[in-house]
Amino acid sequence: MADFDVAIIGAGIVGASCAYALAPTHRVALVEGESRPGYHTTGRSAALFEEAYGPRLIRQITVASRPFFENPPPGFADTPLLSPRGALFIAAAGKDASVERGLAEALPGTVVEIARKEAVALCPPLDTDWLSRALYDAAAMDMDVNAIHQGYLKGFKAAGGTLLCDAEVEAMERAGGRWTLHTRAGTVRAAHVVNAAGAWADRIAEFAGARPVGIVPKRRTAFVFEAPQPADEIARWPMACEIDETFYFKPEAGLVLASPADETPSPPCDAQPEEIDVAECAARIEMATTFEIRRIRRRWAGLRCFVADKCPVLGPDPDVQGFHWAAGPGGYGIMTSPAVGRIVAGFVRQTGLPDDISAMGVDPKEFSPARRHT
Ligand SMILES: Cc1cc2nc3c(=O)[nH]c(=O)nc-3n(C[C@H](O)[C@H](O)[C@H](O)COP(=O)(O)OP(=O)(O)OC[C@H]3O[C@@H](n4cnc5c(N)ncnc54)[C@H](O)[C@@H]3O)c2cc1C
């Protein structure tokens, strides 16, 4: 029977970032049900770092994550974690209220309104008859998700951490101040458990005798299609996102990645795309651009997991001792992962919120699982 200080359930980006943050001070096991980490939502993202996206709390912890991505510790990765992309928020006629809301909600200095001509110069496939107004965030970046995820895992192992794959947790119990996890790969014991099980987080809570927090996995579809422009021209375009997020598209290795930005509630599962979502997205993009989407190379879907306020659930369970939450990162889990790892590590070590995040005026109660029970 393997014995640890902390067992983290789920080796997606959230579990990996917590493991990376905790391994220097604790003996950590990262317990993953699949044969490789990142098989579920983490391996299926659109890889955009965007400080002007999501509720205020998300924007704050995204800003707090930027220094890590820009200056990771030596040896973390061989390639830059961020590369310039830019994000255009595009609006058809009649969407003025959404444009004004976009401007009002943006953190100062992130998003500006630009002229239609400028927007089309940045993203030439936009249809000038369709486009009415555009906002631009020059600071939006592409993330190298694989490098980030592998960097966490490599650093965690270098600090003495243990990754267990093919080790789905099927039951757990606590006795004498320690958890025993029954996994498909054997038994794991630990003083603390961190629940980073993505779409399955409420199921893990039930195993632990904790109250569920109401995680709703929501399917999001993506696909890549061929565009007529040469790859080096496509590579220069920003991400273009419809102002009410009814679709977006962005360059992806010489092709164009698109999404209907769907949020269809789903049970926890290996999510698959629905043909209707792909077709409707292609039609919306064709309305707003000069694209004729004929050749779709690849399609997929993943589960973005939310609670009602769209903020993550991080920290100790209010009722069950030694059980910590790292769940509900929604559509922001990659770009917030450096901050989330540090926040969860602070809760496990009982050192509180990291100073830089506290200085932003963030209150730990905003993450608390207890807010889901009132
Ligand atoms: C189409 C799409 C686009 C996106 N775009 C972006 C973007 O541009 N930027 C961004 O920041 N985010 C984006 N996201 C969101 C981001 O991908 C997620 O927030 C993030 O990957 C969630 O990570 P996670 O570790 O919580 O979940 P997961 O990656 O799903 O990891 C959870 C892990 O827990 C494991 N597990 C579950 N149950 C058990 C058990 N019983 N025992 C052991 N292991 C278990 C699972 O096997 C899984 O590996 C996007 C998501 C999608 C689908």
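Note that ligands are numbered from 1 as they come in the structure, with each ligand's atoms numbered from 1 the same way.
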Chi angles and distances behind the side chain to side chain donor-acceptor pair (under 3.5 Å) call for D244, S98:
CA-CA 7 Å; D244 288 328; S98 301; 2.8 Å; yes
Return yes or no for this condition: an N or O of [X] is under 3.5 Å from an N or O of ligand 1.
{"X": "I9", "answer": "no"}
{"X": "A222", "answer": "no"}
{"X": "V169", "answer": "yes"}
{"X": "V14", "answer": "yes"}
{"X": "G38", "answer": "no"}
{"X": "I204", "answer": "no"}
{"X": "S45", "answer": "no"}
{"X": "G15", "answer": "no"}
{"X": "G302", "answer": "no"}
{"X": "T336", "answer": "no"}

Just to be sure I'm reading this right: ignoring hydrogens, which of [options] gets closest to [atom]? Compare them by their nearest heavy atoms.
{"atom": "atom 33 (C) of ligand 1", "options": "H149, M335, R36, E32", "result": "E32"}
{"atom": "atom 44 (N) of ligand 1", "options": "G12, A11, G33, S35", "result": "G33"}
{"atom": "atom 52 (C) of ligand 1", "options": "R184, R203, R44", "result": "R44"}
{"atom": "atom 3 (C) of ligand 1", "options": "A46, A16, G10", "result": "A46"}

Grouping I, L, V, M, F, W and Y whenever their side-chain heavy atoms are under 4.5 Å apart, do I114 and V111 come out in a common cluster?
no
I'd like to know if [X] and [Y] make a salt bridge, using a cut-off of under 4.0 Å between side-chain N and carboxylate O.
{"X": "E168", "Y": "R203", "answer": "yes"}
{"X": "E226", "Y": "R294", "answer": "no"}
{"X": "E105", "Y": "R56", "answer": "no"}
{"X": "E245", "Y": "R220", "answer": "yes"}
{"X": "D309", "Y": "R371", "answer": "yes"}
{"X": "R211", "Y": "D317", "answer": "no"}

Atoms of ligand 1, numbered as shown, that sit under 4.0 Å from any heavy atom of [X]:
{"X": "V31", "answer": "43 (C), 44 (N)"}
{"X": "A196", "answer": "32 (C), 34 (O)"}
{"X": "E34", "answer": "47 (O)"}
{"X": "E168", "answer": "40 (C), 41 (N), 42 (N), 43 (C)"}
{"X": "G330", "answer": "15 (C), 18 (C), 19 (O)"}
{"X": "H40", "answer": "30 (O), 46 (C), 47 (O), 48 (C)"}
{"X": "M143", "answer": "9 (N), 11 (O)"}

Face-on cation placement of K154 at F76 ring, 6.0 Å and 45° thresholds
no
Residue-level breakdown please: for [X] versus ligand 1, do any non-hydrogen atoms fall below 4.0 Å on the side chain, on the backbone, on both, or on neither?
{"X": "A327", "result": "neither"}
{"X": "Y332", "result": "backbone"}
{"X": "A47", "result": "backbone"}

Parallel, tilted or perpendicular, as decided by the 30° and 60° cut-offs, for the rings of W237 and F291
tilted
Can you confirm whether or not the ring centre of H192 sits under 6.0 Å from the ring centre of W179?
no
Checking side-chain polar atoms at under 3.5 Å, does D262 have a donor or acceptor matched by the opposite partner on T221?
yes
For K310 and E263, what are the C-alpha separation, side-chain angles and deciding distance, and is it a salt bridge (charged side-chain N to carboxylate O under 4.0 Å, His left out)?
CA-CA 12 Å; K310 292 203 156 187; E263 293 196 338; 3.2 Å; yes
